[in-house]
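Here's the structure we're looking at; comments come further down.
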Amino acid sequence: MTTLLSPATGESIGEVPTQGADEVEQAVGAARSAFIEWRRASVRDRRDVLRRISDFIRRDQERLAALESLNTGKPITVARGEIGAVATTFDFYAGAVDKFGGQTIPGNAPGTLLTWREPLGVCGAIVPWNFPMVIAGWKVAPALAMGNTVVLKPAEITPLSALALAELALEAGLPAGALSVVTGRGSVVGEALASHPDVAKISFTGSTEVGSRIMELAAPTIKKVSLELGGKSANVIFADADLDACIPSSLWSVYDNAGQDCCARSRLLVERSIFSEVIDRFVASAEAIKVGDPAQEETEMGPLITAAHRERVTDFLTIGRKEGAELVTGGSIPDGPGNYLTPAVLTEVDSGMRVMQEEIFGPVVGIIPFDTEEQAIALANDSIYGLSGSLWTRDIGRALRVAKAIETGMLSINSSSSVHIEAPFGGVKRSGFGREQGMAALDHYTDLKTVFISDH
Ligand code: NAD
């Protein structure tokens, strides 16, 4: 059994089975059997099941939010929003079921040339601990919508909402076996799933290191793979930015989810003429963030996921200071239990430092000045990652020039939002490939079959 610990207290909140390769075998077998029925289900039946899953998530929003908050330490108000977003994801893909098909193609040969969209079969979904139910929804909903079946592997420390989702799906009328959850370690369950010959596709969200391992494991059986990996996104602030909008938005673009966010804008690049003003305002806002018990309505930032992860984050602060960075605020551990850490701001950093290159995955931002647009672009692109990012300016020409030049999968102008269920989500460079969300995700859960019907 795996004991789950509360990030807020360090105490046990329950146990789940530590499953292994045998359970993966059973789940894949059940998913193969269920695929026969589910792929043949009518478009309306599939749509209705997805819509009911969405309805049941909304019905149980409070219970699911409490579960997610308990397991991850995220503030209850934030967890409520995330559960609402999962319901919206299922709703979106319920609506997409009858809107994504093949084409009739004007071919040269006498006859009719068509493409059909066909489901892949059993899809493996491997998700991390930072947004457990949201990311599970991004994979499960489009996969089921297109007629696939799914074996879902949550992170070993945050399996509770995935288990709840599978129960709701059964209640909503999804055939037994069409969605299974296997709990256990990544090195055992994840590896068994990623190498299983009967799994047609692996959709993985997690670290770049494990993403690379997933590609290796998938290679012998030529599995389809999509990877949503790490990030070190830039937030570029020009001197003409509307700072009243920019500062609060930029604050949460890095401290949201206690910084445990792949889209975190953890590199703040600021035009020199407003550099001190931005630091002063950013630091004052960071110091005002209410860090505390995730169950309280007024809490804005909860604890980090585990004590070990907090230690990794504080180690980065030590590394940064050794490299010459100045910790202007935060990075302190409040008295008492729980994995809390106050939001940290580093200045006197340069782009080559480890704290500016590696994904810290905690509430830490580094702030660097720039003098010219070219310099801002070069700094923004000085990363192995390319997931997300923001830029703030009121000059539309500059906004478009810089947006084109930044190497990233997603970019917000005068905003910090990366997630729109209607639009593709994903990265370039070592942030991965493939897109989740929007109609683009459906490409990854279907194959195209080309059919030619002769006129003769
Ligand atoms: P992780 O890579 O350690 O684990 C992710 C998942 O993979 C977990 O379920 C884990 O059990 C499993 N896993 C671990 N080793 C495995 C192996 N050898 N084979 C198969 N599966 C294995 O990542 P994490 O620490 O859980 O999550 C943090 C990382 O996730 C960060 O790098 C973050 O940027 C990334 N992330 C990316 C996105 C995105 O959409 N791009 C979203 C959220 C998180």
Side-chain angles (χ1 to χ4, degrees), residues 2 16 18-21 24 71-72 74 82 85 89 124-139 151-159 161-162 181-196 199 202-219 223 225-233 254 256-266 304-306 308-310 312-313 358-362 383-389 408-410 418-421 424-437 441 444:
T2 303
V16 287
T18 312
Q19 298 182 313
V24 170
N71 201 175
T72 62
K74 61 183 76 213
E82 288 183 16
T89 300
I126 302 180
V127 303
W129 45 259
N130 58 340
F131 297 102
M133 199 173 182
V134 167
I135 295 175
W138 291 351
K139 299 180 188 308
V151 178
L152 170 62
K153 187 233 160 301
E156 42 271 55
I157 50 179
T158 56
S161 57
V181 176
V182 184
T183 56
R185 299 188 66 79
S187 54
V188 180
V189 172
E191 299 234 351
L193 198 56
S195 52
H196 199 293
V199 172
I202 289 286
S203 175
F204 172 80
T205 300
S207 59
T208 297
E209 186 191 359
V210 177
S212 160
R213 174 76 182 136
I214 296 284
M215 287 180 83
E216 273 176 36
L217 293 166
K223 262 184 227 339
V225 175
S226 48
L227 302 175
E228 300 285 357
L229 308 175
K232 189 79 183 174
S233 297
V254 62
D256 172 53
N257 212 37
Q260 302 164 125
D261 183 339
C262 55
C263 291
R265 276 77 164 165
S266 50
L304 300 191
I305 190 76
T306 59
H309 184 59
R310 180 176 64 182
R312 183 179 170 277
V313 174
E358 295 180 33
E359 187 182 38
I360 299 176
F361 223 53
S383 173
I384 57 167
Y385 298 111
L387 186 60
S388 189
T408 183
M410 299 172 285
S418 305
V419 178
H420 307 266
I421 186 60
F425 177 102
V428 299
K429 295 160 85 173
R430 286 191 218 170
S431 292
F433 56 83
R435 291 292 180 266
E436 302 203 293
Q437 303 189 60
H444 300 287

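Along the sequence shown, residues carry numbers from 1. One-based numbering, in listed order, for ligands and for the atoms of each.
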What part of [X], side chain, backbone, both or neither, has a heavy atom within less than 4.0 angstrom of ligand 1?
| X | answer |
| --- | --- |
| I214 | side chain |
| P154 | backbone |
| E436 | neither |

Worksheet item: So, are E358 and K232 salt-bridged, with charged N and O less than 4.0 Å apart?
Response: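 So E358 does not pair with K232 through a salt bridge.
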Worksheet item: Should we count CZ of R430 as having more than 12 external heavy atoms under 6.0 Å?
Response: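 Counting neighbours around CZ of R430, 12 or fewer heavy atoms of other residues, nucleotides or ligands fall under 6.0 Å, so no.
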Item to complete: Could you verify whether a donor N or O on one side chain and an acceptor N or O on the other, from K139 and T205, lie under 3.5 Å apart?
Response: yes
Fill in: Check: R213/S207 side-chain N/O donor and acceptor closer than 3.5 Å
no
In ligand 1, which numbered atoms sit nearer than 4.0 Å to a non-hydrogen atom of [X]?
| X | result |
| --- | --- |
| N130 | 43 (C), 44 (C) |
| E156 | 10 (C), 11 (O) |
| I135 | 42 (C), 43 (C) |

Discussion item. Checking contacts now, so for atom 4 (O) of ligand 1, which I'm interested in, is there any protein heavy atom under 4.0 Å?
Written reply: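 Protein heavy atoms within 4.0 Å of atom 4 (O) of ligand 1 - there are none.
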Item to complete: Please verify whether a non-hydrogen atom of F131 lies at under 4.0 Å from ligand 1.
Response: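 Per 4.0 Å heavy-atom rule, F131 does not contact ligand 1.
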